[in-house]
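Let me begin by presenting the structure, written as structure tokens, before commenting on it.
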Amino acid sequence: MLAVSRLLQFTDSTFPVGTFSFSNGLETASFEGIVHDAETLHAFTASQALQAAYSDGVAAIQAHRAFLRNDYDSVAAIDKMLILFKMNDEARLMLKRMGKKFAELAAKLFTNDIISRWLEDIKAENVPGTFPVAQGIAYAAAGVDEKSLFCAHQYGVINMVLSAALRCVRVSHYETQKILFDLSENVEKLYDEASQMELKDMNAFFPELDIIASLHEKGNMRMFMN
């Protein structure tokens, strides 16, 4: 029961890590007419979830396992490797800002040497402090198993896009909830694959997203930070 309660708390939309500030590229995709209705939003969100599963999701799982082994060096190495997969500045900014916020919260919630050391290294800029790694170690500290962690990770990616869509795409709450409901059916299969991957197997081939990010960096639309 307690693990479920922690899972609900960490995935709640009011959990203060700043997810509302980011759209995962949707703002520019909408502005450019790439995403303009429920069908195109579904395709865009599915692509986001897929690439996140094979990169951020793998890193979160590996960080969860490293935490349970009490292996701080691996946590730091995973953190550093993940940031290398982000080709655009805004994606790196998103992961680092949300990750630091989560690390600060985790340090308040848990008395744990790995979490405390990681936060110190983030502040000293020895590690980037990525959000998926923060998820991995915080969920492990809370007693949440790695399958539930991965589910929460996928929910977060999908829900971030869909929440932003309500502000910049002509879709209804009914349509966004249907997309979330449908894409949730893929989570178990994605976990089965991601859980068997090692860090060297991570991949995130979504070149359109990096093009969109480059447009956003130079554009005038600024409802979101990416």
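Just so you know, these numbers use all the heavy atoms, side chains as well, and skip hydrogens, waters and symmetry mates.
Note on K147 versus E188: salt bridge recorded, some NZ/NE/NH1/NH2 to OD/OE distance being below 4.0 Å. Salt bridge E104/K108: absent, no basic N to carboxylate O contact under 4.0 Å.
For the pair A103 and L119, the tightest heavy-atom approach, listed with the atom from each and the gap, is CB-CD1, 4.0 Å. Here the closest heavy-atom approach between residue L82 and residue P132 is recorded as CD2-CG, 3.7 Å. Scanning both residues, I114 and D71, for their nearest heavy atoms gives CD1-N, 4.0 Å. Shortest non-hydrogen contact noted between I78 and A63 is CD1-N, 3.6 Å. Here the closest non-hydrogen pair linking V144 and A3 is CG2-O, 3.6 Å. Of all heavy-atom pairs spanning R65 and S195, the tightest one is NH2-O, 3.0 Å.
You'll find the side chain of N159 stays beyond 4.5 Å of the side chain of T11, heavy atoms only. Side-chain atoms of E27 and E32, non-hydrogen and from C-beta on, never get closer than 4.5 Å to each other. When side chains are defined from C-beta on, H64 does not count as touching I137, because their heavy atoms never get closer than 4.5 Å. Side-chain contact between W118 and I122: present, with at least one pair of heavy atoms (C-beta onward) separated by less than 4.5 Å. With a 4.5 Å cut-off on side-chain heavy atoms, S74 and Q62 do not count as touching. Considering only heavy atoms from C-beta on, L180 comes within 4.5 Å of Y155 through its side chain. Residues F150 and V58 have side chains not in contact (no heavy-atom distance under 4.5 Å, counting atoms from C-beta outward). Contact check for Y54 versus D201: no side-chain heavy atoms found under the 4.5 Å cut-off.
Atom CG in L41 sits 10.5 Å away from atom CD in Q48 (nearest 0.5 Å). Note that CG of L162 is 10.5 Å distant from CZ of F44, once rounded to the nearest 0.5 Å. How far CG of D121 is from CG of D79: 9.5 Å, rounded to the nearest 0.5 Å. Residue M98 holds its CE atom at 10.5 Å from CZ of F15, rounded to the nearest 0.5 Å. Summarising the geometry, atom CG belonging to L183 is positioned 10.5 Å from atom CG belonging to L50; distances are rounded to the nearest 0.5 Å. Atom OG in S184 sits 5.5 Å away from atom CD1 in I158 (nearest 0.5 Å).
For the pair T176 (side chain) and H173 (backbone), a donor-acceptor distance under 3.5 Å is present. Looking at S55, its side chain never comes within 3.5 Å of a backbone N or O of M202 through a donor-acceptor pair. No donor-acceptor distance shorter than 3.5 angstrom exists from the side chain of S5 to the backbone of M1, with no hydrogens or angles considered.
The hydrophobic clustering, which links ILVMFWY residues whose side-chain heavy atoms are closer than 4.5 Å, places Y139 and V4 apart. L190 and V157 end up in different hydrophobic clusters when Ile, Leu, Val, Met, Phe, Trp and Tyr side chains are linked at under 4.5 Å. Clustering ILVMFWY residues whenever any of their side-chain heavy atoms sit less than 4.5 angstrom apart, transitively, puts L149 in the very cluster that holds L7. Y72 and F67 end up in the same hydrophobic cluster when Ile, Leu, Val, Met, Phe, Trp and Tyr side chains are linked at under 4.5 Å. L8 and F110 are not part of a single hydrophobic cluster, where members link through side-chain heavy atoms under 4.5 Å apart.
Screening Q135, Q51, H153 against D56 for a side-chain contact (heavy atoms from CB on, under 4.5 Å) leaves a single residue, H153.
The aromatic ring centres of F102 and F10 sit less than 6.0 Å apart.
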Please test E146 against L68 for side chain to side chain contact (heavy atoms under 4.5 Å, CB included), starting from the C-alpha separation and ending with a verdict. CA-CA 11 Å; E146 70 172 46; L68 294 180; over 6 Å; no
Apply side chain to side chain contact (heavy atoms under 4.5 Å, CB included) to residues K80 and V127 and explain how you reach the verdict. CA-CA 6 Å; K80 293 174 183 177; V127 295; 3.9 Å; yes
One pair to check against side chain to side chain contact (heavy atoms under 4.5 Å, CB included): M94 and M160. What are the steps and the verdict? CA-CA 12 Å; M94 177 180 72; M160 184 189 298; 3.9 Å; yes
Show the numbers, then the answer: is there a side chain to side chain contact (heavy atoms under 4.5 Å, CB included) between F85 and L95? CA-CA 11 Å; F85 279 79; L95 289 195; over 6 Å; no
Let's go through S116 and D113 carefully: what are the C-alpha distance in whole Å and the side-chain angles of both, what is the deciding distance for side-chain hydrogen bond (donor to acceptor under 3.5 Å, both in side chains) to 0.1 Å, and is it a yes or a no? CA-CA 5 Å; S116 299; D113 291 341; 5.5 Å; no
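E193 CD: more than 12 foreign heavy atoms inside a 6.0 Å radius. By the neighbour-count criterion of 12 heavy atoms within 6.0 Å, atom CG of N70 is sparsely surrounded, having that number or fewer from other residues, nucleotides or ligands.
Using modelled atom types and a 3.5 Å distance limit, the side chains of Q154 and Y191 yield no donor-acceptor pair. A side-chain donor-acceptor contact under 3.5 Å links T40 and D37.
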